[in-house]
Amino acid sequence: MQPWHRRLFFLRSIGGVSLACAVALAGGCGSGVAEGPGRPTLPGPKTFHHSFEQAPASLDPVQATNIYANHVVVNAYDTLFAYKYLARPYQLKPNLAEDWPEISPDLLTYRIRLKRGVRFQDDPCFPGGRGRELVAEDFVYSLKRQFDPQNRPQGGWFWQGRIVGIDAWKSAGSDYAQDIPGLRALDSHTLEIRLTRPYPQLLDTFAQGYSAVVPHEAVACYGRELGTHPVGSGPFKVVAYDTARVVFERHPGYRQEPVDLAAEGYDPVKQRYTGVERIAGRSPPFVDRLIIDFANDDASRWNSFTKGDEVQLSALPPERAEAVLASLNPVRLQPEYAEKYQAYSGPEAGFVFEVFNFDFPDFGYHPDPARERRNKALRCAIIKAFDWEARNASWYFGLATVFPGVIVPVVPEFDPALSRASVTRDVDGARRLLRDNGWTAANLPVLVYGQSAGVKQRMFYEQFRAELKQIGWPPEKVVLKQFATFGDLSRAWKESRLPIVAKGWGLDYPDAENTLQLFYGPNGSPGSNDANWHNVEFDRLYEQAAVMLPSPERTALYRRMNQLVIDDCVGMTGLARNRIYLWHRNVVAMPDREIVGGFWLKYVDVLPPGQSARPEGLGATG
Amino acid sequence: MDVLQFALRKLLAGVPLLVGVTLLSFTLMVYFGPDKTYELLGKNSTAAQIAEVRHELGYDRPFFVRYAEYLRELATLDFGHSDSTGAKVSTLLARSIPVSLALELPGFVLGNLLGLALALTAAFHRGRWPDKLIMGVAVVGMSVSFLIVIFAFQIWFCTSHGLNWFPVRGWSAAGPLDYLAHIAVPTLATVFVALGYNTRFYRAVIVEEMGRDHVRTARAFGTPPLRLLWRNILKNCAIPIVTRVMFTIPSIVIGGALLIETAFGIPGVGRVTYEAIISGDQPVLKAVVGLTASLFVLTLLVTDILYRAVDPRVSLQ
Amino acid sequence: MAGVADEPLLSVRDLAIEFDTLDGPVRAVDGVSFDLRCGETVGLVGESGCGKTVTGLSLLRLVPEPPGRYAGGSIRFGGRELLALPEAELRALRGRDVAMVFQEPMTALNPVFTIGSQLTEVLRRHRGLGRREARVQALALLERVHIPEAARRLDEYPHQLSGGQRQRVMIAMALSCGPRLLVADEPTTALDVTTQAEVLAEIRRLQGELGMAMILVTHDLGVVAETCARAIVMYCGVIVETNATAALFAQPRHPYTLGLLQSVPRVRETRLAELPVIPGRVPDLRSLPPGCRFADRCPRVSERCRAEEPALTPIAGGGQVACHHPQP
Amino acid sequence: MTAGMARNGDGVAVPATRRTSLWQTALAKFARDRAGLVGLTVVALYLLVAIGVWFGWWATEWADITGAKWAPVSAQHWFGTNIIGQDIFQRGLYSTATAFEVGLVVAVLVVVLGGLLGATSGFLAGSWVDEIVLWTMGVVDAVPFYLMVAAIAFALADYPYAMHVAMISTFWTTTGRFVRGEVIKLRGLEFVEAARALGVGQAAIVLRHVLPNTLHILLVQMTLCFVDAIKAEVVLSFLGLGVKDGMSWGLMISESTLEFLAGHFNNLVAASLLMFGLVYAFNMFADALQDALDPKRVA
Amino acid sequence: MTTPLLEVRDLRKHFPIRGGLFRRIVGQVKAVDGVSFTLAPGRTLGLVGESGCGKSTLGRAILQLQRPTSGQVLLHGEDLAALTPPELRARRRQMQIIFQDPYASLNPRRTVGQAIREPLDVHRIGTARERAKRVAELLDVVGLGPAVQDRYPHEFSGGQRQRIGIARALALNPAFIVADEPVSALDVSVQSQVLNLSARLQREHGIAFLFVSHDLAVIQHVSDDIAVMYLGRIVELGPGGAICREPRHPYTQALLSAVPVPDPQQRRARILLPGEIPSPARPPPGCPFHPRCPLAEARCRETVPVLRSVAEGDGGRQVACHRVPTRPA
């Protein structure tokens, strides 16, 4: 899920992490990069400096739970598959895999061949300090790590119950010497995976940081510290990492794979201004050094970006949108910014939403069917009272997309024609609903609005309370309950203790299934169905769609499920933010942080200062 | 021998304190503290996974087993690995403590020296306008919230809404200029706020000392003012001054300046600690609290020995 | 020695010292005048609050300002006007020409420096001695005031000495530069009787040896009687009587002096049933009665006393008394 | 001899001017302190504001959305509006009441707790009770303030007064130490010994002779604590450990951090000024009170 | 002699000195070290000695304000040291104390009336009206007048406060009062007033006094008998007149000779004692006075002299000195 809700407000508002070198790094900051033989002599290493609003907790792939972690993991490690650099909507491509897998007709057996000659980065954990070749057994080992509790893995749910024998392997004590029948290396470069039932998203899961390939030598050598000391086969090697920044250097032994722009989904009309044509036919990575600052604070990132050129690419803080943008759709910069920067706007692969918890008889399921009907009216009234546009205006500066239901705009199954009634404010309608169903200020239940401890979260509550007051809900019956840590909030969700769950969800893969599963009955608490909504028809449709490959039929099923969620007034949903990226003109990039996150970094190139990546002949803005 | 025995006795006396602090902090911050479990869970978890993670974290063990484990870690100074990043706790602290020190020492030293200077000025002009002016400003300093000072200075010195002279956040000690640029505003804010309290404190101490008989004696023997200040006032005020200075040390070294570090995005130990609290990173918490307590006990000891050094009347008994 | 042969060493004229209090200024010393010749010892006696200590301090201009203030008069020492002297010259004078011994030897010495350090400090400043020389001199001084094991004492701190020894150190310090005037402010009040006797004997001896003038500020008539040639009696900030000690004690002329002398218990052959007393209490300096300050307590009071403040006038027998109706 | 004031020849004149208790003396002294009086007046004004809030006379719409986002300063919105269109002036006024609630609750309880424990340990100095109290103080003081407060706030996450508990349990040691020191001093004074010599019981000695003589310390500590509590509230609320329900200056300041980047400072300025006014006035008042109650200066 | 009102037998008060790693008791300060005497009703025993000799501790130990380490204090034949705290509180009606510091001995937060009434309240004597009457009476007796009872101590001068202290001590009509340096802090003119007052009250009420002072002249003025203390022990005890006329113990002699006399005509020979008073934590062996004694000889350094009667039959004079000849058998 998207970690917006876990930014405790203090982190968010003031908790900028360091922009520059930490003391420990001071020595390594300005020197010490050996230039590869035969490279043109440059004034210094070619460096790309990026900023990011949060530090990943751990760099161990088994804990690559969010885009922040994935930004590092997918660049330090390799995954079998990856998303194409430029294709939108997102498309998979083989990465470590030599080609697409051979899939049995029953969709249960996958045979994947790996590229030969892929080497791990040099590291003291290997004999002689030299990285060895990556083999199929490494992938098997890496996936097993997701089922070894000692690693505190977080990605097991992708494969649990789906790969034959993997759960048994875990319950037998996670003994790496034991084989898993459904996960085998047939030879040094061939994998065979057998499923218990069709899993159309399987290859997507192999593009996740969770499934990145870890050499067992590194685990043996670093143990828990693998989380701070990645050893992979990716394009970059982590040379320094703390809570303030991560510094990568080029992995000199990275496989030579010239960029085929067409294969990456290049759209000359929309993407030519970025200058990505310059990388065609060259083998990434193109920069010697990659720095990602973790700066929680918008202001600090924005300042670093605009002040010098130490940070070359950053997201535009919504607060600055009015000052920087000339128009939003399409994105155009004000002239003074357009001279210096390039911009791109893309929708978030995820959304924020608030759902009712149906475990609460006050407005969820109730033994008395009449009361349950009245409860539904109550929920619908609250939904009508909720003002998405106000939230968009206040907090996202109008840059977000409000949409009905739970199928987010970024996935192919999104239906732009869907009625917007469920996200349109209707105070009179809400009052009428309450009145017609016998709800008065006296008998309305107390609403506990649970949030994490942040000022923004608090203001959400204040906004919500003020909106409810307008439909006649007494303000003292809307109570805020803030949780000191995200863990505590998460626990309250998982223990089904909060009547309203407000959270965000980041897509793991570009498939509506990823958000629809949030409403699948068996996923109830402590699973991801925080609403604890149990709809027989929805569950049936979900199970039916879950084993289907993408098709119009599946899309239809998805949309019916979506409508069920809307019709039962399960919650206020939803809003997807747009991110606006700005980067210095000498940077060649098509930035993106959605879905897995970070896979674009290896394609970034930096021109000498003063040069522009923007092709001649294009307008100043675009 | 005397000093050694004294030190031993004080250390011995520090044991109950250490037990108390560790017990209190363990109970509050670790046992009832934030729960890491739910941050380590996958997105779509099951009850079995929850139990699994709790077991991995050791939450399912009895209180006293966990407490004993804590004491063992403290005794061996081996706090293991962070639950969040997996980094060694010692590495984490070794990285952040110097940052906090480098960040706060200038402000601390400057705040105290300036406070002392202002206090002396005020005390020597007691009752006249320089005194009234200085003390009036000191009350202003005491009345402004640190938080507001930080924000005001940050906006004023570091953003385009003001002078825009210094980096708004971050930390770098790559070179002296870099370092100065990064500590300038935090130091200014620290000094501004500390000055009010320091000036008042030092003035009270100095005025009290100035009223003592031996100062009159020294004047009666023609001691010039500067010598009077040094020999009869400052040296004799050493105990309260040493106390104040010494007891700030544990909080700088281990506590860090949470607000400054958070507001200026400086990866010092204050932030590491606070992040450990909010993310429930118990190994880090245990280390910080345990080390603080130990340092506190040590400070008590060193302070007592210093008392002896600055004032011969204090007996080591 | 500077000054005209006839001029007294110290000449105080109409000295007035005020203190600021919450209730406004209070005159602690009001029109005090007296002279002191070289080598003379004068006792300044009176009860607490009579202004004797403030007068003593003013001779080195040590009255704390604020809250104190010199409100008038003059103090001439060796021909120089102390009240007009710049601070730097005063500093050169203090400790060298005029030295002072204080009441509380415990607090009057700096507790954080050794005896030797404090002694040599004075010697080096005023006599320009080198470190080693000063130490030799300090040792000699301690021996001179009869401190046993003087060499060891030099390296000790004040708190390691007994009260009597501390006061001896104070005296040694005061005498270190051979001052012409010693102001001793209740030098023995904090000491036990037997120690007091020793310290007084020491002071007397040294004063005789060095030939310096001395003002002994005390509340103890016995101490004055045994130490001083002349006595000045103060009451409520003014001098009420002054005379040679022998004459003053033999025939006190001011009713206050008489009352004071009579009310002191002494070791007598036979116990008295009752001590003679001065009735009433010392008036508050903030609300002094008009006329004689002693009028309310005086057995010889008349209307004139309540209206007119008596001036210090010479009397037969050499002294001076401020009384409209002096005792015969 | 003053007429009618003496007896027996050893009778004593007693001053005719009449001031009674030390409290009245202190009051008289305080009344002469201009800065203190100004401070007190300003504090009283703030208190009036707070009372108005408690009785619902004003600032009733502090939670309502009454305007546009970031409306500028106008007759309708004296300090403009915030990011969701709430009136900043009303929120500032409402926060005054919060400040008083926090300040008073914390100050009173700190003084009660610190006074009781301090007095007990002081009176029983050297006993095991004293040892335990001293140990507790040492333990509490050994944990850095914010760490301690954060820990308590987390441990009591569900409790609306976690912040108050946190402040009280850390602030009391200062008062406790002061009172302990004073009680040890008092215990050695002759009037306490006199009471024992008269056969007064232990409890009565503490209640009648010891505690009343620490009241001036308690009062001064209470004022200092009040200020500290208000200042700490701001920081704690800012850190998300503070006020759970309602509105406070600390919350306003934390709110303002959402607005810096967009160049809106109304929240920060309003909360800062309001808070500075109260704290400065209270500091002046506390100073004057301290001077008035200082036994060294009561003469 | 009649039955003594108060009899003190071999009273000792030791304070432990702690030291070492574990703060063990490493020594004792023998503040009072084996003191015995008797006091008859209505009489005054003057206790004189220099600072640190244990005279104040003795007074407090007798009153059980500091529980003695050993020995007996018999008041009317009853051993106070053996009583439980409640029993002791009841006995406090009979014994009182007047303190040295007129500023510290009255609670600044309580009025004069409350201070004087407190003993009556504590011991539940009389009705409220009777108590009020008694307070007025007492204030009258000490010369302050009942009008002052609503005032606070800080409004009074030192002498007046000492009168209040006396009134408080008298409230319960005690048989015995310890006066601990009651006039040391007062000016001469006030001192004589207070001395006269206490003498008068003693005569009128027949109170026995233990009058503690460092001032031999004051002691001689007020006392029937005088006890001279040195380092926790009584070195000489006897009728006041006799002791002052003809002191027998070398210490008493030195003490007497050191008292300054306000009479320039009377120049006496001083006996100057060498050295300092030793610390009571490390008293010298043998006679505690021997290091400073001009008469000291070998046995003085070894054996502690006991307080014993000496010749001449002058009212039971006792001296603790080897060099003073014993009364012939």
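Everything quoted here is computed from the prediction, not taken from an experiment.
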What are the two closest non-hydrogen atoms of [X] and [Y], and how far apart are they?
X	Y	result
Asp101(E)	Glu190(D)	N-OE1, 2.9 Å
Asn213(D)	Pro108(E)	OD1-CG, 3.1 Å
Ser105(E)	Ala194(D)	O-CB, 4.4 Å

Please classify the contact between Arg110(E) and chain D as side chain, backbone, both or neither, with a heavy-atom cut-off of under 4.5 Å.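 The answer is the side chain of Arg110(E).
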Leu198(D) pairs by side chain to side chain contact (heavy atoms under 4.5 Å, CB included) with which of Arg93(E), Arg168(E), Arg92(E), Arg89(E)?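 When side chain to side chain contact (heavy atoms under 4.5 Å, CB included) is applied between Leu198(D) and each of Arg93(E), Arg168(E), Arg92(E), Arg89(E), only Arg168(E) qualifies.
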Verify the neighbour count for atom [atom1] of [X]: are there more than 12 heavy atoms of other residues, nucleotides or ligands below 6.0 Å?
X	atom1	answer
Tyr46(D)	OH	yes
Tyr280(D)	OH	yes
Gln202(D)	CD	no

Does Asp130(D) have any salt bridge (Lys or Arg N to Asp or Glu O under 4.0 Å) partners at least two apart in sequence or in another chain, and if so, which? Arg180(D)
For chain D, the option from Leu172(E), Asn107(E), Val194(E) that forms the most heavy-atom pairs under 4.5 Å: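 Highest number of pairs under 4.5 Å: Asn107(E).
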Any residue of residues 55-69 of chain E which, by heavy atoms, sits under 4.5 Å from chain D: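 So far as heavy atoms go, Arg60(E), Leu65(E) are the residues that approach chain D to under 4.5 Å.
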Against chain D, residues from residues 177-191 of chain E with at least one heavy atom under 4.5 Å, in numeric order, are none
Look at Leu215(D), Leu189(D), Val200(D), Val192(D) and state which one has the largest set of heavy-atom pairs under 4.5 Å with chain E. Val200(D)
So how far is it from Arg109(E) CZ to Leu211(D) CG, rounded to the nearest 0.5 Å? 12.0 Å
If you round to the nearest 0.5 Å, how far is CD of Gln114(E) from CZ of Arg208(D)?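 Atom-to-atom, Arg208(D):CZ and Gln114(E):CD are 9.0 Å apart.
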Not counting sequence neighbours, which residues clear ring-ring contact (aromatic ring centres under 6.0 Å, His included) with Phe100(D)? List them please. Phe226(D)
